[in-house]
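To start, the structure under review is shown below, and the notes come after it.
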Amino acid sequence: MSKKARAICIDDFMARQLAERTDILECAWHKRQEEGGEEEDEDHQKPIVDQAQLDAEADAEDARMRARRVKTFSTSDGWATRERAPNEFEHISRWRALTVYLTWVVLIMFAYVREFLRNWGIETSHIKVELDKQKQFTPLFDDFAAVYQRNCYVRVRDVFERPIGSVPGATVNLLDRYTDDGGWTFKMKGTQSSVINVGSYNYLGFAQNEGPCADTSAAIINQEGLANCSTVHENGRSHSQARLETLVAEFLGVEDSICFSMGFATNSMNAPCLVDKHSLIISDQYNHASLILGCRLSGASTKVFKHNDMKSLEKLLRDAIAYGNPKTYRPYRKILIIVEGIYSMEGSISNLPGIIELKKKYGAYLYLDEAHSIGAMGRSGRGCVEYWDCDPKDVDILMGTFTKSFGAAGGYIAGSKRVIDHLRVASPTGYYSGPMAPPIAEQIFTSMSIIMGRDGTNDGQKRVERLARNSRYFRLRLKQMGYIVYGSDDSPVVPVLIYYPTVCGFYGRQMLARGIGVVVVSFPATDMTEARVRICVSAAHTKEQLDTVLDAMREVGKESWCSSFSRHKHLYENLAIEW
C-alpha cells in the first residue's frame, strides 16, 4: 500500500470515529426524532410556524414588547413560555467607539507628559518613591499601571472612596472633604451632607440601625459576644451561625448549606475544593473577580464562553467531551460550569433554563453565584432559580452573599448534604479564617425570616415587590430619556453607559452637587469603551426619591451629552410608564 493510500485510509478511519462520537454527543436526540416518522415531523413543524407568527407580532409592537417581552426557551420537558424582560445591550456606532479610543490616547499622552514634567521638577511631585539606595531593586508595580494610577485615577479620586457617616439606606450621610493637591490627600471639613444613596447594594432595605434586625443583632451580643476568636475547626461555630445554615438550606429548598464570614472568599477559597487539575471549568466572560481567582487557584483548565451565549457554551462543552484534556490526552474527570445570577456590571440575568438543559445534556456540573440575585429576584426573593421557575436541585452548587439583600456580610454555599459535608472538611476557610460573627449571623437570620414571612407580617413580600416595581420604573424612565441601559428591566442593577472615561469624574461630581451619590466605573473594571454609571435600586427608595435622581440625571445627561447615545429612544417616548 502506498503512503498516499495509507494516509487516505487513516483519514477515513478518523472521520468515521469523529462522526460516531459526534453522533453520540449531539445527534442522538435528532436521530430519535427522525425515527418517529413523518407524522412526528409535521407535529414539530407547527411550533415553528407559530413562533414565526409571534415574531411578526413582536416586530409590529416593538415598544410594548421591549417593555415586557415574552421569552421562549427550550427545556427538557419541551417548550415553555415565561414572561420575562430580556437582556438588552445596545451598542454605539464604530465612529463613537473610535472617539472613545482617541480619548484614551489623549489621556495617556497627557499622563506621560506630566510624568516628564515631574521628573524635571517642573511640576510638584506627590509620589511616594523609593530611597536612592533602593533604586536598583525590582519595582513592585508595573510601570504603566503606576502611571495610570498617578495621572488618571488620582485625578478623579474624589468621586471614589467617599467616607460615610450613617447607615447606607435610601439616603446616606457623606463626610465632607476637599483636596488641595489634585486628589493625593484629603482634608475633612467636619460636616456631613445627606444624599440619596443609589450606590449601595441595599436591595431590600435591610441596612437599618433600628427595627427587628438591629434589635436582635444587638441582643445576641449579650449571649454570644462579638466573635468566636478562633477558627471553625479549632473552636467551632456559634449557635447563631448553626441555625442560620439550617434556615438558608430551607430558604433555598436544598439539603444543607455552609456559611462563611467573607463573600469574596466564599468563591475564591471554595472553588478549588470542587475541581482539580484533571477538571475543566467553563466560565462566563463577565464572571466576578472572586470566581476568576477561584478558577486560577484550583489548577483546573479554564475556558471562557461568550456572555450568556448558549451556542458558545455548548460548543465548549461538546469540544471538551470530544477532544478531552489536551495536556493529558485523556477525558476530563469533571466539567464545572460557573455562571452568575445577575451580573454586577452588566445588569443582565443569566439564561438559567438554557444552562441547566446543556448541563444535563453533557453531564456537567453547575455552579451558580447568586450574590446579586438572592433576595432581589423571584416572587419570594429566592433568586434566579425561582425567577425562572427552575428546580434548585438542578443546580449543583448554589452560592450567594449576605452583603446585598440582607444588609450584612459573608456568604454561603448550598446544595446536597454530600457536597456541603465535603466543603466543611476541605475548605481552607475552616482552618485559616474565623467563623461568622454572631451579630452578623443574627442580622441575616432575622432578615431572611422576614422575607419568608416568619415574623407574622408580609413586610418581606412587600419589599420584594417594591424592589421589582422600582427597578422596572427606573430603567424604563432612563430609556425614555435617551440613555443606553444594559441588562434586563427586571434587574435592580442599572448600568448606564457614558462611554468616555473623562466623563466619569464630571458625572460623579455633578450628581453629588445635586444631592445624589452614584458609583462611576471605568477601565479596568469594564471594557475600555464602556465607562458607566452603575446604579443600584433599593426597595427602600420611594418614587419621589427615584424621580429626584431621574431629574438630576436628565440635567447632567444634557450637559455631558450622555443622554443622546441611544438610537431606540423613540420606542419609549409615548410609552406610559407606571410605578
Side-chain angles (χ1 to χ4, degrees), residues 20-36 40 44 47 71-82 84 252-256 271 274-275 278-284 287 291 300-325 331-341 349-370 373 377-378 382-400 413-420 422:
E20 290 176 4
R21 298 179 77 177
T22 305
D23 181 73
I24 293 172
L25 292 174
E26 64 175 287
C27 298
W29 185 83
H30 296 288
K31 236 179 139 181
R32 288 197 300 270
Q33 300 304 312
E34 291 171 3
E35 290 171 357
E40 228 175 68
H44 283 283
K71 292 288 285 182
T72 304
F73 55 88
S74 176
T75 65
S76 57
D77 298 326
W79 289 94
T81 303
R82 301 287 185 271
R84 302 290 184 272
L252 298 175
V254 294
E255 295 178 2
D256 201 1
L274 302 170
V275 290
H278 301 293
S279 305
L280 172 66
I281 294 175
I282 301 181
S283 175
D284 189 285
N287 273 347
L291 291 169
S301 301
T302 303
K303 294 184 179 180
V304 179
F305 67 95
K306 295 179 182 178
H307 176 55
N308 237 356
D309 189 331
M310 297 301 102
K311 291 183 179 179
S312 175
L313 173 58
E314 183 169 22
K315 184 179 186 304
L316 290 178
L317 285 167
R318 186 173 62 243
D319 291 348
I321 296 174
Y323 301 114
N325 190 340
Y332 288 106
R333 294 180 183 176
K334 189 186 302 180
I335 298 178
L336 179 65
I337 304 170
I338 300 182
V339 296
E340 296 185 35
I349 301 173
S350 64
N351 181 7
L352 191 57
I355 296 170
I356 289 176
E357 183 184 6
L358 292 178
K359 167 239 178 187
K360 290 181 177 179
K361 180 179 179 181
Y362 293 100
Y365 295 93
L366 177 57
Y367 185 115
L368 176 62
D369 179 351
E370 294 223 66
S373 54
M377 300 297 296
R382 286 170 168 80
C384 272
V385 176
E386 184 182 52
Y387 174 80
W388 286 110
D389 292 332
C390 295
D391 186 350
K393 293 181 176 59
D394 287 336
V395 182
D396 302 284
I397 307 294
L398 284 162
M399 179 270 172
I413 287 181
S416 66
K417 193 175 188 308
R418 182 181 178 185
V419 171
I420 301 305
H422 166 72

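Because the structure is predicted, anything quoted here is derived from the model rather than measured.
Residues Asp394 and Leu366 are not in side-chain contact: their nearest non-hydrogen atoms beyond the backbone lie 4.5 Å or more apart. The shortest distance between side-chain heavy atoms of Glu314 and Lys361 falls below 4.5 Å. In this structure, Val419 and Glu255 have side chains that are not in contact, with every pair of non-hydrogen atoms separated by 4.5 Å or more. Counting heavy atoms from C-beta on, the side chains of Leu274 and Tyr367 come closer than 4.5 Å. No side-chain heavy atom of Phe305 sits less than 4.5 Å from a side-chain heavy atom of Leu317. With contacts defined as side-chain heavy-atom distances shorter than 4.5 Å, the pair Cys384/Ile349 qualifies. Proximity of Val254 to Pro392: side-chain heavy atoms (C-beta onward) are separated by under 4.5 Å at one or more points. Using a 4.5 Å heavy-atom threshold, the side chains of Ile413 and Ile397 count as touching.
Across all their heavy atoms, Glu370 and Arg382 have their closest contact at OE2-O, 4.1 Å.
For the atom pair NZ (Lys393) and CG (Leu398), the distance works out to 10.5 Å, reported to the nearest 0.5 Å. Between the CG atom in Asn325 and the OH atom in Tyr332 there is a gap of 4.0 Å [rounded to 0.5 Å]. Here the NZ-CD1 distance, from Lys303 to Ile337, works out to 13.0 Å after rounding to the nearest 0.5 Å. Put simply, OG on Ser373 and CH2 on Trp388 are 12.5 Å apart, with the number rounded to the nearest 0.5 Å. Interatomic distance, NE2 of His278 versus NZ of Lys334, reported as 11.5 Å (0.5 Å rounding). One finds the CD1 atom of Ile281 at 9.5 Å from the CG atom of Leu291 (value rounded to the nearest 0.5 Å).
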Begin with the C-alpha distance, continue with both residues' side-chain angles, and end with the deciding distance and a verdict on salt bridge (charged side-chain N to carboxylate O under 4.0 Å, His left out) for Lys315 and Asp309.
CA-CA 10 Å; Lys315 184 179 186 304; Asp309 189 331; over 6 Å; no
Ile335 and Ile321: CA distance, side-chain angles, deciding distance, side-chain contact (heavy atoms from CB on, under 4.5 Å) verdict:
CA-CA 9 Å; Ile335 298 178; Ile321 296 174; 4.1 Å; yes
Start with the C-alpha gap between Asp396 and Lys359, add the side-chain angles, then the distance that decides, and say whether salt bridge (charged side-chain N to carboxylate O under 4.0 Å, His left out) holds.
CA-CA 10 Å; Asp396 302 284; Lys359 167 239 178 187; 3.4 Å; yes
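Looking only at distances, no side-chain donor or acceptor of Asp369 sits under 3.5 Å from a matching main-chain atom of Ile338. For the pair Ser350 (side chain) and Glu340 (backbone), a donor-acceptor distance under 3.5 Å is present.
For Lys306, there are no salt bridge (charged side-chain N to carboxylate O under 4.0 Å, His left out) partners at least two apart in sequence or on another chain.
Of the candidates Leu352, Leu368, Val395, Ile355, Leu352 is the only one forming a side-chain contact (heavy atoms from CB on, under 4.5 Å) with Cys390.
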